[in-house]
Undergrad: 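Quick one: structure below, then a few questions.
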Amino acid sequence: MAQAKYSTHLGMVDILPDEARKWQYLENLIREEAEKFNLEEIRTPIMEQTELIVRGLGQLTDIVSKEIFSFSRGDDNYVLRPELTAPVVRAYVQHHMAQRGGSQKLFYIGPMFRAERPQKGRQRQFHQFGAEVLGSDDPVADVEIIAFMVQIYKKIGITNTTLKLNSIGDPDSRNAYKKALKDHLKPNFDKLSEVSQKRYENNPLRILDSKEEEDQPFIKNAPVITDFLNEDSLRHYKQVKEYLADLDIPFEEDPYLVRGMDYYTQTAFELISPDLGSQDALAGGGRYDLLVEEIGGQPTPAVGFAAGMERLLIACEELGIQLGDEKKVDVYIVTLGDEARKWGVSKLPQLRDAGLSATMDYKGRSMKAQMKDANRENAKYALIVGGNELEEGKFTLRNMKESEEKSLSFEEILEKLSN
Ligand code: AMP
């Protein structure tokens, strides 16, 4: 086939109809579960102010490694959102959502953008679903968030996942740990990778996330944050673990699972899958009690997670999980002659009003070609109409799978098919 004149950008992917059916199925499932968890949907713009996403120097190193797409227009700096926690918090503050009362329990599904080097499971435009609870510091909120995340994968049939869990404590605990970590790394600073050297001052915790070969020996022997948690943090962590055990949600503690930003607190978690290869994270999240204030709101504890839709689809593929039904249509009207075609066009709305999906030929093809097309469209029934049928008011209804035909009036057909 000739090469198309235009194509998508690198790392940006079209979701064609056969694939889109799977997305619809997943999105419906996520929405249904969200409803059960009493989560409300929030939709924010694709673009945000750069200043919201890049808030400080610590951020800058992290964001630069996430490589945001940004541009300016007039005096405004735009970024394509790389994630949704900050935008959701922005909306929470901007619209005084706390005034709605109670905790705000939110979920979202939508596209995110990161100018990363594309590979399997890593795109430049990808999609996340996620949830955020704002206004509660109770471990119940952490566990409900985790339970919602885990439930989605369970419902879909992805069961071979591992939930990794850690606590990074409150700022006091973390500052003590940061110091210990830096002391540990200091003698070998020169041997660390360039990225880790850059993170040493502003974001030392992120060194623990490093995949660079040369960092591994120093990460392996690093002190663990759990040894630095103060009493409050330990209590919070213990309660999260107890609730998870009560809910039969298995987890593995990973003391090196950390989040770099200063606004993260307490619970950190990640859901990984052996079916994903090197990009093995299905989802990740945690508590961020300091972010709302950082974004200009009143101090508000919060917890949330984000999950990759594409990685979810890859895992389904690997496990042979079929998502949703094949393409199909209830009724395909097959016509012979102009009068019959006119009749067909006029009957489509009635079929649809009766709750059926209905279509017909758009190309003025022969009856034989129309029957073939009805097959291709995976039609359950062909409603065949020609001059005789119109005269008699009886039409041929062919069950395509059983190859059975009945002669019925249009009312009888409506009655039969809408049951
Ligand atoms: P993060 O916001 O980095 O914590 O990512 C949360 C989840 O989003 C990850 O666990 C992945 O499943 C997914 N994800 C992150 N970045 C990408 C990407 N570039 N392409 C596809 N999925 C991604």
Side-chain angles (χ1 to χ4, degrees), residues 8-15 19 23 26-27 30 44 46 48 52-54 59 61-69 79-89 107-132 145-146 148-150 152-153 156 158 161-166 168 195 199 203 205-206 208-211 254 256-261 263-264 267-288 291 302-318:
T8 50
H9 277 298
L10 184 70
M12 304 202 172
V13 176
D14 293 316
I15 300 169
E19 199 61 18
W23 283 76
L26 286 179
E27 287 165 6
I30 292 164
T44 62
I46 299 291
E48 292 283 350
L52 170 72
I53 305 295
V54 187
Q59 221 87 23
T61 43
D62 196 56
I63 291 295
V64 168
S65 73
K66 276 184 184 161
E67 290 166 338
I68 52 171
F69 286 104
V79 289
L80 294 177
R81 61 190 196 188
E83 53 102 36
L84 225 60
T85 304
V88 166
V89 170
F107 83 96
Y108 59 80
I109 308 175
M112 311 295 155
F113 304 84
R114 295 181 194 173
E116 300 178 295
R117 196 158 43 82
Q119 62 183 81
K120 189 173 179 190
R122 208 206 278 161
Q123 295 175 188
R124 291 187 162 181
Q125 175 172 344
F126 61 102
H127 299 74
Q128 287 183 335
F129 69 94
E132 319 282 351
I145 280 287
I146 294 174
F148 172 62
M149 176 186 81
V150 168
I152 302 291
Y153 295 91
I156 294 166
I158 302 175
T161 55
T162 305
L163 174 64
K164 295 204 162 181
L165 187 71
N166 194 21
I168 51 171
V195 194
R199 286 175 171 161
N203 224 338
L205 261 58
R206 288 235 38 207
L208 299 176
D209 282 343
S210 163
K211 301 269 182 286
D254 177 354
Y256 292 124
L257 175 68
V258 292
R259 319 221 110 204
M261 298 313 176
Y263 56 77
Y264 286 115
T267 317
F269 55 87
E270 201 167 58
L271 194 69
I272 59 171
S273 158
D275 302 310
L276 287 178
S278 65
Q279 302 296 318
D280 67 351
L282 282 167
R287 187 162 268 292
Y288 49 93
L291 183 61
V303 57
F305 80 92
M309 292 286 282
E310 282 79 3
R311 296 207 190 155
L312 172 52
L313 281 151
I314 295 172
C316 289
E317 186 110 320
E318 294 293 328

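In listed order, ligands and their atoms are each counted from 1.
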Undergrad: So do the side chains of Val13 and Phe126 get within less than 4.5 Å of each other, counting heavy atoms only?
TA: no

Undergrad: Taking only heavy atoms of Gln128 into account, list the atoms of ligand 1 that are under 4.0 Å away from them.
TA: 2 (O), 5 (O), 6 (C), 7 (C), 8 (O)

Undergrad: Identify which of Arg311, Gln119, Glu67, Arg114 has a heavy atom lying nearest to atom 2 (O) of ligand 1.
TA: Arg114

Undergrad: Under a 4.5 Å cut-off applied to non-hydrogen side-chain atoms, are Phe129 and Phe107 in contact?
TA: no

Undergrad: Can you tell which part of Arg122 has a heavy atom less than 4.0 Å from ligand 1: side chain, backbone, both or neither?
TA: both

Undergrad: Looking at Lys120 and Glu318, does any basic side-chain N land under 4.0 Å from a carboxylate oxygen?
TA: yes

Undergrad: Which ligand 1 atoms, with their elements, are less than 4.0 angstrom from a heavy-atom of Ala283?
TA: 10 (O)

Undergrad: Please check whether Glu116 reaches ligand 1 - meaning an N/O of the residue sits under 3.5 Å from an N/O of the ligand, judged on distance alone.
TA: yes

Undergrad: Without swapping roles, check the side chain of Arg81 against the backbone of Pro111 for a donor-acceptor pair under 3.5 Å.
TA: yes

Undergrad: I need the single residue from Gln279, Gln128, His127, Gln125 that forms a side-chain hydrogen bond (donor to acceptor under 3.5 Å, both in side chains) with Glu310. Which is it?
TA: His127

Undergrad: Answer side chain, backbone, both or neither: which part of Ala281 comes under 4.0 Å from ligand 1, heavy atoms only.
TA: both

Undergrad: Ignoring angles and geometry beyond distance, decide whether Phe126 reaches within less than 3.5 Å of ligand 1 through its nitrogen or oxygen atoms.
TA: no

Undergrad: Would you call the rings of Tyr288 and Tyr264 parallel, tilted or perpendicular, taking 30° and 60° as the class edges?
TA: perpendicular

Undergrad: Short list, please: which atoms of ligand 1 are under 4.0 Å from a heavy atom of Ala306?
TA: 6 (C), 7 (C)

Undergrad: Using a heavy-atom cut-off of under 4.0 Å, does the side chain or the backbone of Met112 touch ligand 1, or both, or neither?
TA: neither

Undergrad: Who pairs with Asp280 by side chain to side chain donor-acceptor pair (under 3.5 Å), at least two apart in sequence or on another chain?
TA: none

